[in-house]
Amino acid sequence: MAEYRVEFGRDGRPVESDGRLDAAAFHRNHEPIWAVLQKHLAGKSGDVLEAGSGTGQHVVHFAKHSPDITWWPSDFNARHLDSIAAWRAHAGLPNIRPPLRIDLTDPAWCPAMHDGSGPGELLAVFCANVIHIAPWRVAEGLLAGASRYLRVDGKLFLYGPFKRDGKHTALSNAVFDTSLRDQDPEWGVRDIGEISTFAAGVGLALAETVQTPANNLILAFERTRE
C-alpha cells in the first residue's frame with residue numbers, strides 16, 4: 001500500500017511539539033459520528049479498531065465516552081502513527097492501545113491481528129474518510145478484514161461521502177469527486193451499491209445508512225456469516 005498522498009501535518013495546520021497533529025474535519029464531525037456509534041456501542045464492552053485513524057483525535061474522543069470499550073487506533077502513515085501515539089499519551093486514557101500499523105490492501109491487515117499481541121474478536125471497526133482517497137483495493141481489504149475479525153454481533157462503520165445508485169447526493173460531493181480523480185484516477189467517491197455488493201461477497205450486509213452533516217453518511221454493516 002502506498003503512503004498517503006493526503007497527509008496530515010502538511011496542510012498548514014499547527015503541529016504540537018510532541019507530534020500531535022490537528023485535523024479540521026475532526027472538529028466538524030466528531031460529535032455527529034459519536035452520536036451514531038454510541039447508539040450501537042452503548043452498554044457493550046470489547047475491542048473496537050479504528051482503521052485509518054489519521055491524527056488520532058477521533059479515537060481519543062470516542063474512548064473518553066466509552067470507558068468499558070478498548071480502542072485500537074491504526075494507520076499506515078508513519079507521521080500519523082506518531083500523532084496517534086502523542087494524542088494517546090496526552091489523553092492518558094487506559095482504554096486506548098498503542099497504534100497498529102495496518103496495510104488495508106491486505107485483508108490480514110497486520111501480524112498483531114493473529115499473533116496475540118493485538119485485539120481479540122472485534123466488537124466494531126470504524127473507518128472515516130479513507131476509501132475515497134485510496135485505490136478501490138483498500139476498500140476491498142478493509143471489508144474483507146472486517147468480516148474476518150468482527151465477532152458474530154460485530155459491526156463495521158464507514159463514514160464519508162458516498163454516491164447512491166451512481167449519483168452524487170450533493171453538488172459539493174460531485175465537485176469533490178472530480179478533484180479526487182484529477183489527483184489520482186484510482187481515487188473517488190464510492191457508490192453504496194458497489195460497496196454493498198463487495199461486502200455481501202465477504203459476509204457483510206448493509207444494515208443502516210445514517211445521514212450526517214456536510215453531505216456525509218455513515219454506513220453500518222453487520223456480519224451475515226457465523
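Numbers for residues simply follow the sequence, beginning at 1. Model, not experiment: these values are computed from the prediction.
- The side chain to side chain donor-acceptor pair (under 3.5 Å) test applied to T212 returns no partner, not counting sequence neighbours.
- For the residue pair Q183/W187, the side-chain donor-acceptor check at 3.5 Å is not satisfied.
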Side-chain donor-acceptor pairs under 3.5 Å in residues 111-122, sequence neighbours left out?
{"residue": "D115", "atom": "OD1", "partner": "S117", "partner atom": "N", "Å": "2.9"}
{"residue": "D115", "atom": "OD1", "partner": "S117", "partner atom": "OG", "Å": "2.6"}

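- Follow the hydrophobic side-chain contacts under 4.5 Å out from L100 and you never reach L81; the two are in separate clusters.
- Here ring pair (Phe, Tyr, Trp, His ring centres under 6.0 Å) pairs that include residues 194-216, with residues two or more places apart or in two chains, number zero.
- A salt bridge is defined here as a Lys NZ or Arg NE, NH1 or NH2 lying under 4.0 Å from an Asp or Glu carboxylate O, and R137 with E186 meets this definition.
- Judged by distance alone, the side chains of S66 and W34 never bring a donor and an acceptor atom under 3.5 Å apart.
- Under a 3.5 Å cut-off, the side chain of S179 and the backbone N or O of F176 do form a donor-acceptor pair.
- Salt bridge D18/R20: present, at least one basic N to carboxylate O contact under 4.0 Å.
- With L158 as reference, I195 is the one residue of L206, I195, V125 to meet the side-chain contact (heavy atoms from CB on, under 4.5 Å) rule.
- Of the possible polar contacts, one joining the S147 side chain to the V202 backbone as a donor-acceptor pair under 3.5 Å is found.
- Membership of an apolar cluster is not assigned to F26, as no side-chain contact below 4.5 Å to another ILVMFWY residue is traced.
- For A85, the side-chain contact (heavy atoms from CB on, under 4.5 Å) test picks out P99, with sequence neighbours left out.
- Taking the ring pair (Phe, Tyr, Trp, His ring centres under 6.0 Å) definition, one finds that F126 meets it with F62, sequence neighbours left out.
- By the 6.0 Å and 45° rule, R101 stacks over the aromatic ring of F76.
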